Amino acid sequence: MSKKQILTNVEIEKDIVNALKNPPGQSEDSYQKLQTPKFIIICVLIAIDIALAFPIFLLWKTPTLVLFSLLISLIVFFISWGVFSIFCRIRRRCQIKRVSISDYDITTEVVHSIFEEHYTARRGRYYTAQIDNYGIRFENQKEWRIPPRNYLWSEFLRMYDSQIYAATHREDTVVVVTDKRTGEIVMAYHTDIFEYVN
């Protein structure tokens with residue numbers, strides 16, 4: 001029997017950081033739910049643009065002022081979108097810097113089933129991307145959506161999500177790392193391959 005890879009809290013913290021930097025793909029349901037607010041926001045912005053531009057057009061009857069008001073509205077939209085994106089990135093970086101094993105529970109769980117999901121996501125007006133998600137469902141009904149690349153600290157056991165999916169079977173025993181705050185599983189390790197040493 002081959003020797004197992006020793007797993008310590010140091011390696012687990014590295015994997016948590018990697019999972020935060022390269023999160024697993026979202027489910028098709030959550031992707032669709034995100035699309036609805038985006039559509040509503042765009043419609044509201046268009047309505048605001050029209051509401052601003054129409055009175056100016058009635059007062060001045062000059063297309064130049066109408067175009068100017070539309071341009072100002074678009075500039076405000078892109079600035080606010082940029083500020084929101086920067087805020088999200090700063091929050092993610094702070095979260096990565098604060099990673100501590102004490103914020104996570106480490107337990108042993110049994111695999112109930114595995115699942116995969118494939119769908120096409122729109123990325124802009126003309127560009128679409130194929131999303132391939134893989135995951136593990138445990139007997140406690142919790143799910144682990146597998147990040148794209150895993151165990152990067154290990155020289156021999158680096159694995160893609162599809163490889164972990166293919167190597168997982170019902171009733172496998174897995175060491176599971178759960179975020180205490182959210183209750184979400186962030187990492188998992190097969191006990192056939194890894195031996196956790198606290």
Side-chain angles (χ1 to χ4, degrees), residues 4-38 40 84-119 121 129 131-154 157-198:
K4 294 181 182 180
Q5 171 77 55
I6 298 298
L7 178 69
T8 67
N9 290 343
V10 173
E11 285 82 27
I12 292 174
E13 282 185 352
K14 289 177 183 176
D15 282 333
I16 292 168
V17 167
N18 177 55
L20 289 171
K21 287 180 178 177
N22 305 292
Q26 60 191 2
S27 69
E28 186 171 8
D29 288 342
S30 61
Y31 170 76
Q32 296 298 342
K33 284 176 185 173
L34 276 174
Q35 297 312 301
T36 305
K38 283 182 183 176
I40 291 170
F84 177 73
S85 299
I86 291 167
F87 171 76
C88 288
R89 285 179 187 172
I90 290 170
R91 190 177 67 174
R92 175 70 58 86
R93 284 180 185 170
C94 290
Q95 190 180 10
I96 288 168
K97 284 181 183 177
R98 288 195 312 260
V99 166
S100 170
I101 201 69
S102 61
D103 296 330
Y104 297 86
D105 285 323
I106 300 172
T107 58
T108 303
E109 303 292 343
V110 176
V111 174
H112 177 270
S113 59
I114 55 177
F115 63 92
E116 59 182 312
E117 184 180 47
H118 308 281
Y119 66 93
I131 308 298
D132 301 308
N133 291 328
Y134 299 93
I136 301 172
R137 193 172 290 112
F138 298 97
E139 288 190 343
N140 63 2
Q141 299 305 312
K142 288 193 174 183
E143 294 180 352
W144 179 44
R145 301 186 77 78
I146 308 171
R149 295 179 301 151
N150 301 277
Y151 322 133
L152 298 182
W153 49 268
S154 175
L157 294 174
R158 296 179 182 190
M159 298 176 82
Y160 290 105
D161 50 0
S162 57
Q163 293 173 307
I164 295 174
Y165 171 82
T168 304
H169 307 286
R170 184 178 171 85
E171 297 185 359
D172 282 354
T173 306
V174 179
V175 173
V176 171
V177 182
T178 309
D179 189 328
K180 288 179 181 176
R181 187 175 49 85
T182 63
E184 290 182 14
I185 296 173
V186 290
M187 283 307 299
Y189 305 88
H190 283 71
T191 55
D192 292 341
I193 306 169
F194 295 97
E195 182 180 348
Y196 174 58
V197 178
N198 189 352

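Starting from 1, each residue takes its place in the sequence as its number. Keep in mind that this is a model prediction, so the values were computed, not measured.
- Nearest approach of Gly135 to Tyr165, heavy atoms of both residues: O-CD1, 4.2 Å.
- Between Asp161 and Asp132 the shortest heavy-atom distance is OD2-O, 4.0 Å.
- Contact annotation: the side chain of His169 never approaches that of Val111 to less than 4.5 Å [non-hydrogen atoms, C-beta and beyond].
- With a 6.0 Å radius and a threshold of 12 heavy atoms from other residues, nucleotides or ligands, Lys97 has its NZ atom at or below the threshold.
- By the 6.0 Å contact criterion, CZ on Arg158 is enclosed, its count of non-hydrogen atoms from other residues, nucleotides or ligands being greater than 12.
- Heavy atoms of other residues, nucleotides or ligands lying less than 6.0 angstrom from CD of Glu116 number more than 12.
- Judged purely by atom type and a 3.5 angstrom limit, Thr191 uses its side chain to pair as donor or acceptor with the backbone of Thr173.
- Taking the side chain as every heavy atom from C-beta outward, Asn140 and Glu109 approach each other to under 4.5 Å.
- Taken to the nearest 0.5 Å, the CZ atom of Arg92 stands 13.0 Å off from the CD1 atom of Ile90.
- Side chain of Lys4 to backbone of Tyr196: no donor-acceptor contact under 3.5 angstrom is found.
- Within the 4.5 Å cutoff, side-chain heavy atoms of Val177 are placed close to those of Ile16.
- Between Glu117 and Arg145, some side-chain heavy-atom pair lies under the 4.5 Å cut-off.
- Between the side chain of Glu13 and the backbone N or O of Val10, no donor-acceptor pair lies under 3.5 Å.
- Ile146 contributes atom CD1, which lies 5.5 Å from atom CD1 of Ile164 (distance to the nearest 0.5 angstrom).
- Not one N or O on the side chain of Asn22 forms a donor-acceptor pair closer than 3.5 Å with the backbone of Pro148.
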message: Quick one, Asn133 with Tyr119, criterion side chain to side chain contact (heavy atoms under 4.5 Å, CB included). Give me CA distance, side-chain angles, the key distance, then yes/no.
response: CA-CA 9 Å; Asn133 291 328; Tyr119 66 93; 3.9 Å; yes
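- Contact annotation: the side chain of Ile114 never approaches that of Tyr134 to less than 4.5 Å [non-hydrogen atoms, C-beta and beyond].
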message: The test is side chain to side chain contact (heavy atoms under 4.5 Å, CB included); show your working for Val176 and Trp144 and say whether it passes.
response: CA-CA 9 Å; Val176 171; Trp144 179 44; over 6 Å; no
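- At least one donor-acceptor pair closer than 3.5 Å links the side chain of Lys142 to the backbone N or O of Gly183.
- The CD1 atom of Ile185 lies 11.0 Å from the CG atom of Asp105; values are rounded to the nearest 0.5 Å.
- Here the rule is side-chain contact (heavy atoms from CB on, under 4.5 Å) with Val197, and of Leu7, Asn9, Ile6 only Ile6 fits it.
- Residues Tyr104 and Arg181 have side chains not in contact (no heavy-atom distance under 4.5 Å, counting atoms from C-beta outward).
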- request: Show your reasoning for whether side chain to side chain contact (heavy atoms under 4.5 Å, CB included) applies to Arg170 and His112.
  value: CA-CA 5 Å; Arg170 184 178 171 85; His112 177 270; 3.6 Å; yes
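- To the nearest 0.5 Å, atom CG of residue Leu20 and atom CG of residue Asp15 are 11.0 Å apart.
- For Phe194, the ring-ring contact (aromatic ring centres under 6.0 Å, His included) partners are Tyr151, Tyr189, not counting sequence neighbours.
- With rounding to the nearest 0.5 Å, the separation of OG in Ser113 from CD in Glu139 is 9.5 Å.
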- request: Could you please spell out the steps behind the side chain to side chain contact (heavy atoms under 4.5 Å, CB included) verdict for Asn150 and Met187?
  value: CA-CA 9 Å; Asn150 301 277; Met187 283 307 299; 3.9 Å; yes
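- Taking each heavy atom of Gln5 and Ser154 in turn, the nearest pair found is OE1-OG, 3.5 Å.
- To the nearest 0.5 Å, atom CG of residue Asp172 and atom CG of residue Asp192 are 6.0 Å apart.
- When the shell of 6.0 Å around CZ of Arg137 is examined, it contains more than 12 heavy atoms from other residues, nucleotides or ligands.
- Under a cut-off of 6.0 angstrom, the local environment of OH in Tyr160 is sparse, with at most 12 non-hydrogen atoms contributed by other residues, nucleotides or ligands.
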